[in-house]
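What follows is a set of notes on a single structure, which appears directly below.
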Amino acid sequence: MTITNNGGALSTRVDIAIRGIRVAAPVHREGGAGPSDDGHVLFQGMQSAIPVNQDSPYLVDDGKLLLDGEDTGLEVSPVSRPAFYDLATADGTPYEQIARLHGAKVLATTVVQTCIRYAEIERCRFCSIEESLASGATIAVKTPAMIAEVAEAAWRLDGIEQMVMTTGTSNGRDRGATHLARCVRAIKAAVPDLMIQVQCEPPADLQTITDLYEAGARSIGIHVESMDDDVRRHWMPGKSRVPLDEYRAAWREAVRVFGRNQVSTYLLVGMGEDPDQLVAGAQELIDMGVYPFVVPFRPIRGTLATDVDRVPAPPRSVLHDVTLRVSQALIAAGMRGSDQKAGCAACGACSALQTAGG
Ligand code: SF4
């Protein structure tokens, strides 16, 4: 087995994921579904979404990463603002409110920016999906035509290579997947070669997974965030009512339909889980053909974890250990994020796994 942990690069990648960097990043996110409040850069040529923190000892200067003023020997450069951000639809909606550039080559959107689980008693404690709506940074529902229009422009003007589409969870049995499928069809009609990943909760009717594939999606993320039921109940009171076995059934069906290593899930580090149990959970996923996308919990304004619970980022040593062990398991299984056709694992920006070779 070849283990390319990339030595110091991995340690530094983990360190900046926790401590952030000082950089002027034209491509950035505030609020929204999943990790945010970050700047998008190339770290050693790899797409990376790193917290921007004016108190960090790391500074990006002229393509170099400095630590306390000393050159680390590592290259970091901000991603440039894409040309499609300057456009708007015929009714005046800025393209930037419909879909955003993630990393350097990924177009990302949340097709429905509301979630049935957003009441405080139900909400995932790390999520701020409706905050970007409240701030006016996006719109509640994106139509298939709107998204296709933006995808075509981003493909043509900025050379995006893949697209990620997520959704807040809806009330229906499909948990939002039907609207996702309509959006995928519209995008594929406009840009046939664009690879698309869809992200949703396990649909009650597993046929929905085939529907998403037939619409044209080629990777799928079904995100559990933790394989520990105690952690799930505390951090995701609403979502934890979907039993883990329902996730397992959806992952198995997704691997059958989309193929091995075209299915992924997030695993968050820093929610109080046991690291050995987290790695064991990741191994179970890998054995199923599912890529565990290991991402640190990040304190983000507008989330319950930050505003109410004051949960800090995880210790660097824990994130380093878990990332290294999971990347070794991925390498042993021959599963690399970059082999996914689209999606977060293919992008890699929110995780240090790709720096570790996973
Ligand atoms: S890993 Fe996923 S959420 Fe993170 S920047 Fe890439 S596409 Fe966006």
Side-chain angles (χ1 to χ4, degrees), residues 13 16-17 20-21 23 25-43 45-52 76 78-80 82 96 98-111 113 124 126-129 131-132 137-138 147 150-151 154 158 160-168 180 187 194-200 217-225 262-269 291-298 300 303 319 323 326-327 330 336-356 358:
R13 176 66 181 80
I16 60 176
I21 51 178
V23 67
V27 175
H28 54 88
R29 291 178 297 175
E30 303 88 29
S36 60
D37 267 359
D38 52 24
H40 292 223
V41 299
L42 293 178
F43 172 88
M46 279 175 271
Q47 306 188 92
S48 304
I50 309 289
V52 174
V76 175
V79 172
S80 309
E96 196 179 348
I98 296 168
R100 305 287 295 263
L101 185 67
H102 280 199
K105 294 286 173 192
V106 185
L107 186 67
T109 185
T110 301
V111 296
Q113 198 82 30
C124 298
F126 49 75
C127 185
S128 60
I129 187 170
E131 298 309 304
S132 42
T138 188
I147 298 176
V150 177
D158 298 296
I160 55 148
E161 290 172 354
Q162 56 126 320
M163 179 150 191
V164 174
M165 281 200 293
T166 189
T167 183
L180 272 177
I187 295 162
L194 184 60
M195 287 293 151
I196 302 172
Q197 186 215 34
V198 285
Q199 303 180 344
C200 59
R218 285 297 171 265
S219 302
I220 185 167
I222 302 172
H223 297 168
V224 73
E225 282 87 21
Q262 295 305 332
V263 182
S264 56
T265 189
Y266 269 64
L267 289 183
L268 285 185
V269 179
Y291 187 103
F293 192 58
V294 171
V295 168
F297 162 75
R298 277 195 214 148
I300 291 173
T303 63
L319 181 61
T323 303
V326 173
S327 69
L330 283 164
R336 286 173 197 271
S338 54
D339 292 334
Q340 299 223 348
K341 292 177 182 149
C344 289
C347 166
C350 289
S351 170
L353 278 174
Q354 286 197 6
T355 309

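First listed ligand is number 1; within each ligand, the first listed atom is number 1. No hydrogens, no waters, no symmetry mates; every other heavy atom, side chains included, goes into these values.
Across L42 and G45, no two heavy atoms sit closer than the pair CD2-O, 3.9 Å. Residues R298 and A49 come closest through the heavy atom pair NH2-O, 2.9 Å.
Residue side and main chain included, C344 places no N/O/S atom under 2.8 Å of atom 8 (Fe) of ligand 1. Taking backbone and side-chain atoms together, C350 has an N/O/S atom less than 2.8 Å away from atom 4 (Fe) of ligand 1.
Of the residues V295, V294, V269, the one that meets the side-chain contact (heavy atoms from CB on, under 4.5 Å) test with T323 is V294. If you run side-chain contact (heavy atoms from CB on, under 4.5 Å) between H40 and each of R100, H102, Q47, only H102 comes through.
Every atom of ligand 1 is numbered from 1 in the order shown, and the set under 4.0 Å from a heavy atom of Y266 is 2 (Fe), 3 (S). Within the listing of ligand 1, atoms 3 (S), 5 (S), 7 (S), 8 (Fe) sit less than 4.0 angstrom from a heavy atom of H102. Counting atoms of ligand 1 from 1 in the listed order, those under 4.0 Å from a heavy atom of F293 are 1 (S). Close approach to C347 involves these atoms of ligand 1, each under 4.0 Å from a residue heavy atom: 1 (S), 5 (S), 6 (Fe), 7 (S). Less than 4.0 angstrom separates some heavy atom of A349 from each of these atoms of ligand 1: 1 (S), 5 (S), 6 (Fe).
Under a 3.5 Å cut-off, the side chain of Q354 and the backbone N or O of A349 do not form any donor-acceptor pair.
Of the heavy atoms in R29, only side-chain atoms (C-beta onward) come closer than 4.0 Å to ligand 1.
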| field | Residue pair F126, I300: steps toward the side chain to side chain contact (heavy atoms under 4.5 Å, CB included) verdict | value | CA-CA 8 Å; F126 49 75; I300 291 173; over 6 Å; no
